[in-house]
Amino acid sequence: MTTRLTNTDRPGDGPPAAVDGGPHSTASPATRVLGVLVLVASGVLAVLGLVASPADTELGETVRLLYVHVPVVAAAYLAIVITTVGSVAVLWKRSQWWDLVAGSAAELATLLTALTLVTGMIWGRPTWGVFWVWDARLTSTAVLFLLLLGYLAVRRTTTDQVSRATRSAVVGMLLLPNVVIVNRSVEWWRSLHQDPTLITLDPKIDGLQLFTLVFGIATATLLLVWLLIHRFRVAWMAQRVEAHELDDAIAVRRAEAVGS
Amino acid sequence: MLREATLVARKDLRVELRSRVTTNQVVPFALVVLVLFAFALDPDRGVLERATPGLYWVAVLFCALLAVQRAFAVEAADGIRDALRLTGIEPAGLYLGKALAVAVQLLVLEVLLGLGVVVLYDTALGGWGLLIATCLVATAGIAAAGTLFGVLAAGLRVRETLLPLLLLPALAPVLLATTRASEAALGDDTAEGWPWLGLLGVFALVYLTAGLIGFGALMEDT
Amino acid sequence: MEPVVHLRAAAALLGRFPALAGADLDVASGEVVLVRGPNGAGKTTLLRTCAGLLPVVSGEARVLGHDLRTDRRTVRRHVGLLGHGTGLYDELTVADNLSFWTRAAGADERDAVAALYRLGLAGRLRDVPVGRLSAGQRRRVAFAVLVARRPALWLLDEPHAGLDHEARDLVDDLVRDAAAAGATVLLASHELERAEPLAARIVTVNGGVTTEAAGVA
Amino acid sequence: MSQWGYVAAGWLVVVVAVVGYATAVLRRGRALSRRLPPEERRWL
């Protein structure tokens, strides 16, 4: 069954082979609809952001970077909230489903936080002439990125599924509080020095620019949901494969014992 | 639960008194760090003098890292993890006990480091009320976070590198708050420092709560 | 009377490895059972499973009336495990170790002192750091903790290994005293000639599976 | 680099990263589903 890898970000896949009735990938009717929706929305966003909306009086063309930077930030924070909620659910209800959700959401959060940093730096270059500025938003995003790397490191280094769920849940549970504390402390810190802060959500833009921004955030949220569903299904299958390997090990060990 | 916490804390401190690792290794390490900062920042150009609070607290964080690693290396000896779980001590009591022991060692370190800074960087100490309060609340936060991440990394084969990766970014706001608060204390307007103390308090509370919740689950794994 | 230990096709995990693949075992109160089997057969895992230290993933597992599949924490306080590791702090002295482990388990100081004398540790060894003791002496301190705690279920993993004759006789006496006092003992050992006279029944473990239980006495 | 250059760079980085990640996830999903019996491929 060859899959047509189109250049859109949701490559369609051929009909599942007749013999094996089950789904052949993490796609399903729901994700296909959502996928198309995300595609269309990103197309509209591109048109709105790059062509239709006017350049900003003050920022010039670089305001168009906001239409991608701010949605990515919003999606990143949404992913963080999901991770923390999932982690608390894991510790509270020992539920394995939430462990997979938290793990998937954390991975997405790391990708989105990295993109936030990159787009933030690309924004910084024309605006302040330098890639990195110890501005409140960029700094707290950087610390957040390090915390997420710690989460992924814990998840990768623990072999045993049960203890992996517990340990990553404890780190995951602390992500949101950490974000709040880091933001608060960096805000106070930078306000002591009054140097240029990244003009974020409200550069007194309105009209079409504001609409594009909000539309961008909606698109990013849809994209996050789509990615989360697929990543969750991958995590679920990976966990099932691990479980099978375990059952085989038990069977082999028992056969060995009885045989010898 | 408090009875168990003091029992564990006294045991940890007695192990430290017997083995003298903190006093013989971590304190000298801290002084080395201070000296290296002085080499790096060339004392008479004033930079060192302005940066003293920051450098002091960076040194404290590194010492905290070593103290936590040491605290859990003691438990890694053969059979101790099993024995601890068989005593039926409440996980929360074990967590508080170990955190208390780390906190006490940190306070001793902070005092010694303080002397080191006064001698090496001839810093004039002032604003004692704010300074002591900052040390106490910050130490509580650092010990709470350190103990939680310490047990989380314990038992994993990459624990030496995992602990710094987990603990130091989490302690970033603590470094910020303690440095600003210390600057305010040493400078003239101590009023400026109190909000930072509030932040340190919130930090300590968040991690103490997380520790009391998470420690039991973390002790459970093989 | 419900058996102290009741395992039916119990499987337990050591990390992701199914160290125990299917154990069947019933031990009545006050009984001494010898667990035999080659190295790596799962003897240690069987003991640690009974102590509630390993997650039981399938089959039945009840110890001292607690179902290990739902709650394996509460049973631990009533179990004493003497494994390969001594479970003692090398930096602390014999007396400090004993006092900590005894009070941690809820027994009081007097039990610790009594155990010191019972194990002949009250003399010059009392204030020696455990790290500087010989393997035999360390085993003696570990036994002292057990004697002081008086758990209902004793799980002994190779208790005679590396001991001189005099210490081995002491181990035998302690096992007999414990059984006489109503405790139940599960003894894993290679040294059959030493261990068999102590045990009422023998169970063989191989590849994480208990095969047959042969009567002795 | 003109302002448009930075705008293009910003957009390109995001699109490439998202498409790359999405493709990787989908490909891994397809590979894993081949190793599992049909009824185990979905959580539902």
Side-chain angles (χ1 to χ4, degrees), chain A residues 1 3 5 7-11 13 16 20-28 35 42 46 49-50 55 59-69 71-72 97 100 104 107-108 111-112 114-115 118-119 122-123 125-127 220 223 226-227 230-234 236-238 240-241 243-244, chain D:
Chain A
M1 181 199 67
T3 50
L5 269 188
N7 53 25
T8 61
D9 68 351
R10 201 197 53 66
D13 39 74
D20 158 3
H24 266 262
S25 78
T26 50
S28 67
S42 348
L50 297 177
L59 297 168
E61 300 302 337
T62 55
V63 73
R64 300 183 193 288
L65 274 172
L66 278 186
Y67 303 140
V68 81
H69 175 74
V72 164
W97 185 79
L100 295 178
S104 312
E107 191 174 285
L108 293 182
L111 171 75
L112 292 168
L115 285 179
V118 169
T119 49
I122 293 176
W123 160 275
R125 190 78 179 88
T127 318
L223 175 67
W226 183 81
L227 278 173
H230 278 283
R231 186 60 187 84
F232 171 82
R233 286 180 179 158
V234 165
W236 170 262
M237 283 197 275
R240 291 311 312 153
V241 168
H244 277 303
Chain D
M1 262 259 271
S2 71
Q3 286 195 335
W4 274 103
Y6 289 112
V7 171
W11 279 73
L12 209 62
V13 161
V14 172
V15 168
V16 166
V18 168
V19 168
Y21 180 75
T23 321
V25 167
L26 286 172
R27 191 172 300 136
R28 184 144 178 253
R30 198 158 299 114
L32 280 171
S33 49
R34 266 193 293 273
R35 296 175 55 187
L36 281 171
E39 70 289 348
E40 282 200 38
R41 292 180 190 157
R42 283 297 156 74
W43 169 71
L44 295 173

| request: Would you please name every residue forming a salt bridge (charged side-chain N to carboxylate O under 4.0 Å, His left out) with D:R28, sequence neighbours left out? | output: none

Do you know which two heavy atoms are closest between [X] and [Y], and how far apart they sit?
{"X": "A:I122", "Y": "D:Y6", "result": "CG2-O, 3.5 Å"}
{"X": "A:A238", "Y": "D:L32", "result": "N-CD1, 3.8 Å"}
{"X": "D:A17", "Y": "A:L115", "result": "CB-CD2, 3.6 Å"}

| remark: Among A:R125, A:R64, A:E107, the residue with the most heavy-atom pairs under 4.5 Å to chain D is A:R64

| request: Could you tell me whether the side chain of A:V68 reaches within less than 4.5 Å of the side chain of D:V13, counting heavy atoms only? | output: no

| message | When you compare the side chain of A:H244 with that of D:L36, does any pair of heavy atoms fall below 4.5 Å? | response | yes

| remark: Rounded to the nearest 0.5 angstrom, the CE-CZ distance for A:M237 and D:R35 is 11.0 Å

| field | Engaged part of A:V72 at the chain D interface, taking heavy atoms whose separation is under 4.5 Å | value | side chain

| message | Taking A:A46's backbone N and O only, do any of them form a donor-acceptor pair with D:W11's side chain (distance below 3.5 Å, no angle check)? | response | no

